[in-house]
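See below for the structure under consideration.
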Amino acid sequence: MKILVTGGTGYIGSHTVVELQAKGHEVIIIDNLSNSNINVLDAIEKISGIKPEFENFDLADMAKTEDFFQRNNDIDGIIHFAAFKAVGESVDNPLMYYRNNLYSLVNILQGMKDNSIPNLVFSSSCTVYGQPEELPVNEEAPVQKAESPYGNTKQISEEVIFDTTKASDIKAIALRYFNPIGAHESTEIGELPLGVPNNLMPFITQTAIGIREQLSVFGDDYNTPDGTAIRDYIHVVDLAQAHVIAVERMVNKNMKKDFEYFNLGTGNGYSVLEVIKSFEKVSEQKLNYKIVGRRAGDVEQVWADTNFANDELGWKAKKNIDEMTLSAWKWELKLQTEK
Ligand code: UD1
């Protein structure tokens, strides 16, 4: 199959490209390198032996997107990762988020419609559930008002896609990620946060290696066993493999509905302190951290009911929390040796 991966030099995108190549699929990447590095293409080639085709432009640019689809109307499926994802930044600059995340989606859907390319896999987020009333949360749980413009772009995108699937031949699968962490076992690709990381795992590894002085644990007064917030961390390679299965399901016409959505998590929740403990165990060192107040917009606890994804996609996350924190640590060590 010929698969377009937007945002293919990014964190989840690059891991997905490698998994697509491993299954024999041909990949074209579009990325404007706004939050990634061109060297990722060489890293992908080191792993798979194949350098993917690459185009550098902004999918929010309608004319360029139209031109791309006219030249590439033989694409079988699209996996759309290209988007901004920093929650705090989206609060400070909502228009930048709405413009980037929504214009690019609309342009892609238009290109798909005009060129009869029917299959879209969309990067969504468990953020659409907010704080669910029941845990684990399944796909039928109500979508709750987004806490940030970033979260809102994911909700609006799902609606834009849903309406488009009703009015055209386009079919789509939205994958609702829980908390992706870790890196490829080759340590050729991984997460490359620009500046101070917002997310827990890169902040832990950067603290351990001495780039950050101390990790702040946001709140220990939650209604959880140790008082810190609980999330469902999933290894990025497990997550990437689900994308390959999803796009194959679409191209092979195995979908049950024109728009399907799946939770991608492990089904296990870990508290912030449990992640730290796992990290300390696998890295054999003490982490410098302190408890501070809660972070605005954080939910208390969320983890996935993965039954639907397990049964329908025939996919299950394999890596446990220690494997995940170890792989994140190996990646940080590798980045350090390159400096
Ligand atoms: C965040 C976003 C979410 C987005 C996801 C991927 C928020 C509120 N949510 O998820 O919408 O889809 O990233 O980009 O930002 N923590 C600390 N100290 C830190 C960093 C994090 O204690 O320095 C805690 C957080 O309070 C949370 C947990 O670690 O309890 C995980 O945080 P994080 O990795 O930022 O992910 P989410 O907030 O779950």
Side-chain angles (χ1 to χ4, degrees), residues 7 10-13 35 81-92 97 101 122-132 135 137 143-158 174-182 191-208 211-236 239 263-266 269-279 287-304 321 324-325 328:
Y11 174 42
I12 306 173
N35 190 20
F81 292 105
F84 292 154
K85 60 167 188 179
V87 175
E89 185 182 57
S90 79
V91 174
D92 296 337
Y97 272 67
N101 292 6
F122 177 69
S123 275
S124 191
S125 168
C126 70
T127 195
V128 302
Y129 300 122
Q131 177 59 64
L135 287 167
V137 62
V143 165
Q144 299 205 40
K145 187 169 167 23
E147 287 275 354
S148 69
Y150 156 76
N152 207 20
T153 67
K154 292 297 174 192
Q155 294 188 2
I156 297 171
S157 293
E158 285 197 2
L175 298 176
R176 293 174 171 170
Y177 313 152
F178 283 67
N179 287 57
I181 60 171
E191 195 169 4
L192 285 168
L194 279 184
V196 183
N198 296 307
N199 297 116
L200 178 64
M201 197 68 238
F203 210 107
I204 289 178
T205 58
Q206 289 196 3
T207 304
I211 301 173
R212 313 278 154 214
E213 201 182 314
Q214 188 174 51
L215 169 78
S216 295
V217 173
F218 297 136
D220 71 346
D221 56 351
Y222 286 109
N223 186 21
T224 60
D226 65 22
T228 62
I230 295 177
R231 298 287 182 275
D232 184 338
Y233 298 90
I234 174 169
H235 195 278
V236 66
L239 192 78
N263 284 345
L264 298 185
T266 65
Y270 288 95
S271 72
V272 177
L273 289 179
E274 285 173 325
V275 176
I276 293 172
K277 272 193 204 106
S278 163
F279 175 79
L287 189 77
N288 181 18
Y289 69 89
K290 68 165 184 232
I291 311 286
V292 301
R294 295 181 180 192
R295 179 171 70 178
D298 272 351
V299 301
E300 181 169 271
Q301 42 189 326
V302 62
W303 64 93
I321 190 72
M324 293 185 226
T325 55

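Counting starts at 1 for both ligands and their atoms, following the listed order. Note that the coordinates shown come from a computational prediction; the quantities given were computed from them, not determined experimentally.
- Panel note: side chain K145, backbone N152; no donor-acceptor pair is recorded below 3.5 Å.
- In the model, Y129 has a side-chain atom that pairs as donor or acceptor with a side-chain atom of N263 under 3.5 Å.
- Annotation for ligand 1: atoms under 4.0 Å from non-hydrogen atoms of L215 are 18 (N), 19 (C), 23 (O).
- The closest non-hydrogen atom to atom 10 (O) of ligand 1, taken over T224, N179, V91, comes from N179.
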Report task. List the steps and the verdict of side-chain contact (heavy atoms from CB on, under 4.5 Å) for I230 and E300. Result -> CA-CA 6 Å; I230 295 177; E300 181 169 271; over 6 Å; no

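- The closest side-chain donor-acceptor pair between Y97 and E89 falls under 3.5 angstrom.
- For a threshold of 3.5 Å applied to N or O pairs, the pair formed by L200 and ligand 1 contains at least one separation below that value.
- Just one residue in the list W303, Y177, F178 forms a side-chain contact (heavy atoms from CB on, under 4.5 Å) with C126, and that residue is F178.
- Interface of A229 with ligand 1, defined as ligand atoms under 4.0 Å from a residue heavy atom, comprises 30 (O).
- Residue-ligand proximity, S216 to ligand 1, at heavy-atom distances under 4.0 Å covers atoms 17 (C), 18 (N), 19 (C), 22 (O), 23 (O).
- Between I181 and E191 there is no side-chain heavy-atom pair separated by less than 4.5 Å.
- Listed by chain and residue number, nothing satisfies the salt bridge (Lys or Arg N to Asp or Glu O under 4.0 Å) test with D92 (two or more places apart in sequence, or in another chain).
- Side-chain contact check for T207 versus F203: some heavy-atom pair is nearer than 4.5 Å.
- The heavy atom nearest to atom 31 (C) of ligand 1, considering only F178, Y177, Y233, is found in Y233.
- Residue contact check: V217 has heavy atoms under 4.0 Å from atoms 22 (O) of ligand 1.
- In the candidate list L273, I181, N199, N199 is nearest to atom 14 (O) of ligand 1, counting heavy atoms.
- Taking every heavy atom of N198 and a limit of under 4.0 angstrom, the matching atoms of ligand 1 come to 20 (C), 35 (O).
- Looking at ligand 1, you'll find an N or O of F218 within less than 3.5 Å of one of its N or O atoms.
- Taking a cut-off of under 4.0 Å to the non-hydrogen atoms of S125, the atoms of ligand 1 that pass are 12 (O).
- In summary, the atoms of ligand 1 found under 4.0 Å from a heavy atom of Y150, numbered by their order in the structure, are 4 (C), 11 (O), 12 (O).
- Interface of T127 with ligand 1, defined as ligand atoms under 4.0 Å from a residue heavy atom, comprises 11 (O).
- For E158, the salt bridge (Lys or Arg N to Asp or Glu O under 4.0 Å) partners are R176, not counting sequence neighbours.
- Counting protein heavy atoms only, atom 39 (O) of ligand 1 is closest to R231 NE, 2.6 Å.
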